[in-house]
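Quick one: this structure, given as structure tokens, is what I'll be asking you about.
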Amino acid sequence: MGWLSKLTGSKKTEIPSDLWNKCPKCNEILIKKDLAKNLHLCPKCDFHLRMPVWDRIAMLTDNNSFVELDNQMESSDPLNFLDTMPYTERIQKSICATDTFDAITCGEATLDGHRILLGVMNFEFMGGSMGSVVGEKVTRLMELAYEKKIPVVIVSSSGGARMQEGILSLMQMAKTSQTIARLAEVSVPYISILTDPTTGGVSASFAMLGDINMAEPGSLIGFAGPRVIEQTIRQKLPDGFQRSEFLLQHGILDLVIHRRQMKSILSKILKLLN
Amino acid sequence: MPLEFEFERPILELEKRLRDLQSLSEEGHIDLSREINAIASKIEAMKIDIFKNLEPWQVAQIARHPQRPNTLDYINILCGDTFVEIHGDREFHDDPAIVSGFGIIEGRAVALIGHQKGHDTNENLFRNFGMPQPEGFRKAQRLLRLAEKFKKPIIAFIDTPGAFPGIGAEERGQCEAIAHNIMLMARIKVPVLCFVIGEGGSGGALAIGVGDRVFMLENSVYSVISPEGCAAILWKDASKAKDAAKAMRIVSSDLMSLGVIDGILREPIGGAHHDYEFAATSVRETISTHLPVLQAMTQNDLLERRYKKFRSMGKFKISPEIEDA
Ligand SMILES: [Zn+2]
């Protein structure tokens with residue numbers, strides 16, 4: 001067989017390469033369809049791989065309860081931005097690759113019978129970056145929560161603000177944060193779940209503004225990316241730096257929760273706060 | 001002026017010729033007034049030509065000029081000896097990259113916050129080049145709350161390359177500190193005026209940039225990431241910063257047309273570093289014009305308008321061809 005079986009010396013990996021993944025932590029070969037059944041956890045070392053949006057929604061919500069909102073909202077390239085490729089082309093590529101219109105999917109659902117408004121970010125869509133669409137969808141979700149007094153859960157995964165929308169992306173940090181402040185004024189809970197990775201303009205706005213901020217184990221969470229920090233201070237970063245457990249230890253996060261327990265802890269919190 | 005820009009060179013050369021002619025005319029007791037006048041008016045025309053047609057990258061250079069007036073320069077001119085600086089976050093440290101305090105401007109007591117850069121290397125090392133740590137943002141939070149408690153309007157000066165990316169900053173929750181500032185500022189129950197006086201760098205700038213009115217000095221810049229950072233990521237080449245500066249639309253006229261700021265403040269020709277009083281006067285007049293309007297509003301009206309202002313930012317479309325499944 002090919003290079004893969006030579007590399008691993010294992011017969012069970014003789015499958016087309018688009019059907020398997022390698023665990024980034026323990027290098028175990030992971031069969032994609034088995035992974036989906038196992039909530040995208042490595043069966044060997046329990047590493048939390050990035051989870052596709054619809055699998056995440058299925059995991060957190062009651063059967064068929066999710067009704068998507070604002071699913072037709074799309075970026076309009078406000079700056080006519082061109083780097084090595086036009087922004088519109090990047091958008092179209094991401095739309096085709098992910099089958100979603102931007103980096104967040106929002107909707108209304110129930111979770112163990114609790115009504116919630118849920119937003120799930122998609123790192124596969126331009127690094128989960130926040131431009132006008134993500135900002136507007138988060139804002140609409142918070143405003144709906146304000147009107148109907150329904151708790152909000154947002155699962156973040158983002159490299160930060162979307163450079164291709166320039167200053168308008170930066171302003172989404174203000175736009176989303178102010179709706180959370182307003183929601184707080186009517187005592188409706190907002191629970192933020194940070195997953196790997198959540199950095200930059202998203203961690204420095206709505207992702208860190210939950211009444212409860214929790215994260216999955218081992219997620220990279222911070223303001224600056226590790227490479228930027230290394231270049232700035234010219235120093236090697238300590239092991240585990242900017243991982244969930246590190247943030248928990250430093251008092252920045254409220255909880256670190258295993259993916260398998262995520263729904264039940266949300267259910268508990270919703271019951272306690274509502 | 002210690003730092004001169006490449007694009008200013010034609011002006012500087014003419015100015016040198018002008019000085020030469022002037023001394024020649026004085027020493028030789030010859031009348032060169034016609035030549036001198038011709039060059040003087042040529043210089044004026046050239047200045048207008050060059051400084052009205054700057055590339056975004058050139059504006060960024062002026063915005064970062066080491067002699068450009070910084071927050072304390074403005075505070076000193078505007079408040080004089082009425083200014084009382086308030087230090088520290090009462091939790092961890094006093095971050096010199098952010099200054100805060102109270103002072104009187106045109107007879108009105110106001111709260112002041114700003115990023116603080118230095119004019120030379122020593123000052124910049126002390127001020128960490130205007131890059132705040134979390135405790136700097138938390139110092140600003142203290143001041144915002146004090147301002148609200150004593151019903152004093154807030155004046156914020158924005159001038160930072162960005163929040164500091166370091167180990168300690170991350171340990172102490174840089175992202176939380178910025179997010180918290182933004183959220184607090186959005187709902188603070190007193191008028192807030194923001195002035196981008198130099199470099200408005202990313203989240204660290206916005207952390208003290210949520211106001212009822214946001215203004216930019218003519219030669220300041222405001223962007224989601226530095227042109228160098230953007231170039232390194234999107235072009236994979238930091239030397240493309242010029243292209244990135246242009247593509248991101250970072251100059252005051254861009255932000256005005258994108259609806260992000262409320263006005264552009266005039267600077268002396270060549271940049272604010274040529275005349276601090278001129279730049280400070282622009283700020284003072286803007287405060288005098290806008291503060292009474294904001295102070296006359298009810299608290300609800302003020303907050304609702306601030307909310308709508310940021311609510312309306314961003315552009316998107318609803319794609320028509322896809323129907324709900
Ligand atoms: Zn593994």
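FYI, side chains are in, hydrogens and waters are out, and symmetry mates aren't considered; it's all heavy atoms of this structure. Chain identifiers are assigned alphabetically (A, B, ...) following the order of the sequence lines, protein sequences preceding nucleic acid strands; residue numbering begins at 1 within each chain.
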Heavy-atom pairs under 4.5 Å with chain B are the metric here; pick the option from Leu209(A), Leu247(A), Thr84(A), Thr232(A) that has the most.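 The option with the most such pairs is Leu209(A).
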Choice from Asp83(A), Asn80(A), Asn213(A) maximising heavy atom contacts with chain B below 4.5 Å: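 If we count pairs closer than 4.5 Å to chain B, Asp83(A) comes out on top.
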Supply the atom-to-atom distance Met171(A) CE to Ile261(B) CD1, rounded to the nearest 0.5 angstrom. 9.5 Å
Under 6.0 Å from the NZ atom of Lys149(A), do we count more than 12 heavy atoms belonging to anything else shown? yes
One option among Thr179(A), Leu82(A), Asp102(A), Leu237(A) has the most heavy-atom pairs under 4.5 Å with chain B, and it is Thr179(A)
Applying a strict 4.5 Å limit to non-hydrogen atoms, the region of Gln235(A) in contact with chain B is side chain
Are the side chain of Ser132(A) and the backbone N or O of Lys315(B) linked by a donor-acceptor pair below 3.5 Å? yes
Select one option (side chain, backbone, both, neither) describing which atoms of Gln249(A) are under 4.5 Å from chain B's heavy atoms. neither
Which distance, rounded to the nearest 0.5 Å, do you find between the OG of Ser177(A) and the CD1 of Ile178(B)?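 Going from OG on Ser177(A) over to CD1 on Ile178(B), the span is 10.5 Å.
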Please rank Met313(B), Met185(B), Gln174(B) by heavy-atom pairs under 4.5 Å with chain A and give me the top one.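 Between Met313(B), Met185(B), Gln174(B), the count favours Met313(B).
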The interface call for Glu143(A) against chain B, heavy-atom contacts under 4.5 Å, is side chain
Sort Leu184(B) into side chain, backbone, both or neither according to what part of it lies under 4.5 angstrom from a heavy atom of chain A.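 Neither part.
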With a 4.5 Å cut-off on side-chain heavy atoms, are Leu170(A) and Ser223(B) touching?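 Not in contact.
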Most heavy-atom pairs under 4.5 Å with chain B, out of Arg162(A), Gln242(A), Met85(A), belong to Gln242(A)
Side chain, backbone, both or neither of Leu255(B) within contact of chain A (heavy atoms, under 4.5 Å): side chain
Could you tell me which of Ala186(B), Ala247(B), Gly173(B) has the largest number of non-hydrogen atom pairs under 4.5 Å with chain A?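 Looking at each option in turn, the highest pair count goes to Ala247(B).
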Closest approach of Gly166(A) to Val224(B) (non-hydrogen atoms, all atoms of both residues): O-CB, 3.4 Å
With a 4.5 Å cut-off on heavy-atom pairs, point out which of Ile167(A), Val228(A), Ile252(A) contacts chain B the most.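 Looking at each option in turn, the highest pair count goes to Ile167(A).
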From Arg249(B) atom CZ to Phe81(A) atom CZ, the distance as rounded to the nearest 0.5 Å: 11.0 Å
Atom CG of residue position Asp237(B) - does it have more than 12 heavy atoms of other residues, nucleotides or ligands inside 6.0 Å?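 For Asp237(B), atom CG is crowded (more than 12 foreign heavy atoms under 6.0 Å).
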What are the two closest non-hydrogen atoms of Cys175(B) and Gly222(A), and how far apart are they? SG-C, 4.1 Å
Against chain B, label Leu168(A) side chain, backbone, both or neither, depending on which of its atoms sit under 4.5 Å from a heavy atom there. side chain
Separation between CZ of Phe241(A) and CD1 of Ile167(B), rounded to the nearest 0.5 Å: 5.5 Å
Where on Ile225(B) is there a heavy atom nearer than 4.5 Å to chain A: the side chain, the backbone, both, or neither?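 Side chain of Ile225(B) only, per the 4.5 Å heavy-atom cut-off to chain A.
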Using only atom types and a distance under 3.5 Å, with no angle test, would you say the side chain of Gln178(A) pairs donor to acceptor with the backbone of Met183(B)? no
Greatest number of non-hydrogen atom pairs under 4.5 angstrom with chain A, of Leu258(B), Ile250(B), Val210(B), Leu303(B), falls to Leu258(B)
Should Glu171(B) and Phe246(A) be marked as a side-chain contact (heavy atoms from CB on, under 4.5 Å) after you check the CA-CA gap, both sets of side-chain angles, and the distance that decides it? CA-CA 8 Å; Glu171(B) 283 175 345; Phe246(A) 171 94; 3.3 Å; yes
Met73(A) side, atom CE; Ile318(B) side, atom CD1 - distance, nearest 0.5 Å: 4.5 Å
Could Glu136(A) and Arg311(B) be called an ion pair, given the rule that one side-chain N must be under 4.0 Å from one carboxylate O?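 Yes, this pair counts.
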Which atoms form the tightest heavy-atom contact between Met208(A) and Ala179(B), and what is the distance?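 Taking every non-hydrogen atom into account, CB-CB, 4.2 Å.
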Should the pair Glu185(A)-Arg187(B) be classified as a salt bridge under the 4.0 Å nitrogen-to-oxygen rule?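 Arg187(B) and Glu185(A): salt-bridged.
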Under a 4.5 Å cutoff for heavy-atom pairs, which residue among Asp77(A), Thr199(A), Ile229(A) has the most contacts with chain B? Ile229(A)
Lys137(A) versus Phe316(B): any side-chain heavy-atom pair under 4.5 Å? no
Greatest number of heavy atom pairs closer than 4.5 Å to chain A - which of Lys317(B), Lys309(B), Lys236(B): Lys317(B)
Find the distance between SG (Cys230(B)) and CE (Met163(A)) and round it off to the nearest 0.5 Å.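 With rounding to 0.5 Å, SG (Cys230(B)) is 5.5 Å from CE (Met163(A)).
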